[in-house]
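Below: the structure, in structure tokens.
So that the names make sense, note that chain A is the first sequence line, chain B the second, and so on, each numbered from 1.
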2 protein chains.
Amino acid sequence: MENSVTPAEERILEAAKKVFHCKGYDGARMQEIADEAGVNKSLVHYYYRSKDNLFEAVFEAAFSKIMGRLNEIFFSELDITTKIETFVGYYVTFLSQNSYLPLFILNGLYEKPGQIKKMMEKNHLSPDRLMEQIRVQVKNELNLDIDPMHIYINILSLSVFPVIAKPLIQVIFGLSNDRLEKFYEERKTEVPEFILKALKGYEDNQNR
Amino acid sequence: MENSVTPAEERILEAAKKVFHCKGYDGARMQEIADEAGVNKSLVHYYYRSKDNLFEAVFEAAFSKIMGRLNEIFFSELDITTKIETFVGYYVTFLSQNSYLPLFILNGLYEKPGQIKKMMEKNHLSPDRLMEQIRVQVKNELNLDIDPMHIYINILSLSVFPVIAKPLIQVIFGLSNDRLEKFYEERKTEVPEFILKALKGYEDNQNR
DNA sequence: ATTACCTTTGACCAGTTGGTTAAACCAAAT
DNA sequence: ATTTGGTTTAACCAACTGGTCAAAGGTAAT
């Protein structure tokens with residue numbers, strides 16, 4: 001399509017992202033990827049030997065893109081309140097601009113639950129470190145002894161699901177595109193508020 | 001596979017559900033569905049003319065199964081607290097037992113956002129009625145003037161996402177299958193508690 | 001000009017896919 | 001016994017799919 005001077009290999013990867021993200025592994029066609037990159041189909045096989053290889057490259061890029069930033073925020077020096085606000089704000093924005101990414105990743109994880117650990121390591125993601133990080137911060141700043149896992153999943157759920165469920169929400173509530181965008185904009189403040197109010201609730205209970 | 005006495009057409013539909021749910025539209029093969037039903041491939045085309053038709057039948061069944069119960073609970077006579085507890089309890093259980101369903105439906109909605117409205121009507125689901133139902137109950141029982149849409153989506157997010165993201169959670173936190181099951185069990189009480197604490201937070205602010 | 005090396009292509013292939021068709025099967029009605 | 005109607009099957013097909021391969025293009029060094 002574009003006649004930029006980008007080397008072929010990179011154009012192929014970009015084309016592959018576009019196609020795989022939208023149509024998934026089974027729905028994607030090597031021919032379509034080649035066309036999208038403005039390149040002969042054989043060249044795709046020249047750089048990436050097989051469809052599997054190409055898909056893996058695309059998947060890894062997507063996974064890193066999403067998890068890298070997540071990591072960055074959660075291990076930053078911010079206090080827990082700002083951290084939650086930053087996290088939600090960033091993800092609601094980023095995901096609603098790349099609304100195909102999260103579902104693509106989830107589907108990929110279902111198909112290949114095997115090779116993920118090496119991707120975790122590549123992104124310097126350790127389950128234990130993450131859990132400990134959250135636990136300590138919740139304990140020190142909020143003085144709460146609650147399971148960090150549920151909190152973390154709750155934050156993730158409230159940020160990610162509404163983006164994944166875009167078409168469902170649009171249908172259930174009958175929203176126009178404009179109204180939907182406004183809805184996501186609202187969530188950037190609504191979600192942190194909701195979470196912090198809940199956490200405050202635990203605090204009150206505990207210190208009674 | 002099974003040699004039950006169920007009539008062929010029904011066996012085909014059941015087989016189609018199994019295959020489509022796990023592999024999606026593009027990944028599913030008519031031959032595999034036929035094999036799973038213990039039937040010749042031509043018979044599948046005899047009852048459902050095309051793959052598209054068969055998929056539509058499967059999708060509609062899945063959508064009704066999930067949305068029907070959702071509707072039932074939200075329009076029941078329960079007070080808002082019990083309603084949330086019932087809803088979360090039911091969905092966490094149901095979805096973790098049918099963990100392929102929600103992702104299947106979300107994928108389907110992305111591919112065919114068109115024909116959903118008739119399904120909504122078939123399930124007697126009206127956006128306005130649902131919104132009004134929540135708004136009134138939140139207003140009357142909790143004395144809160146907050147946007148029912150965000151609350152509703154929050155409840156849905158906290159119930160559905162952790163199930164969809166099963167493989168992701170297992171990887172991020174390095175959980176065994178046993179520990180994961182316990183995690184879902186915990187959520188049946190943790191999630192309603194989290195939501196109600198948040199709502200209580202709004203209450204305190206407003207009545208100050 | 002020739003070599004050498006990487007890139008790019010068109011032609012081709014074996015296996016698979018959704019779908020068709022004509023014939024066989026089978027139970028109930030005549 | 002034969003007809004009738006819906007059910008089930010085997011054989012077949014055209015289109016498509018991921019992948020291969022030998023040849024052509026291009027470019028820098030010799």
Tell me which nucleotide among C:dT20, D:dT17, C:dT9 gets nearest to the side chain of A:R29. D:dT17
Select from A:M30 and B:N40 the residue whose nearest nucleotide in DNA chain D is closer to the 5' end of that strand. B:N40
Touch check for A:Y47, heavy atoms < 4.0 angstrom, all strands: base, sugar-phosphate only, or nothing? sugar-phosphate
Which nucleotide in the set D:dT7, C:dT9, C:dT8 lies at the smallest distance from any side-chain heavy atom of B:L43? D:dT7
Measure from NZ or CZ of A:R69 to the centre of the six-membered ring of A:F94, then state whether that distance is under 6.0 Å and the direction lies within 45° of the axis. no
Against the side chain of A:K41, the closest entry in D:dG19, D:dT20, C:dT7 is D:dG19
Would you tell me whether A:N40 and A:S42 have side-chain atoms, one donor and one acceptor, within less than 3.5 Å of each other? yes
Side-chain donor-acceptor pair under 3.5 Å between A:E190 and B:N154, yes or no? no
Can you check whether any acceptor in the base of D:dG19 is under 3.5 Å from a donor in the side chain of A:K51, or vice versa? no
Between B:Y25 and B:F55, what is the ring plane arrangement, given parallel below 30°, perpendicular above 60°, and tilted in between? perpendicular
Where each residue is assigned the nucleotide of DNA chain C containing its nearest heavy atom, which of B:S50 and A:V39 is assigned the position nearer the 5′ end? A:V39
Hey, does the side-chain of A:S42 have a donor or acceptor N/O within less than 3.5 Å of a partner on the base of D:dG19? no
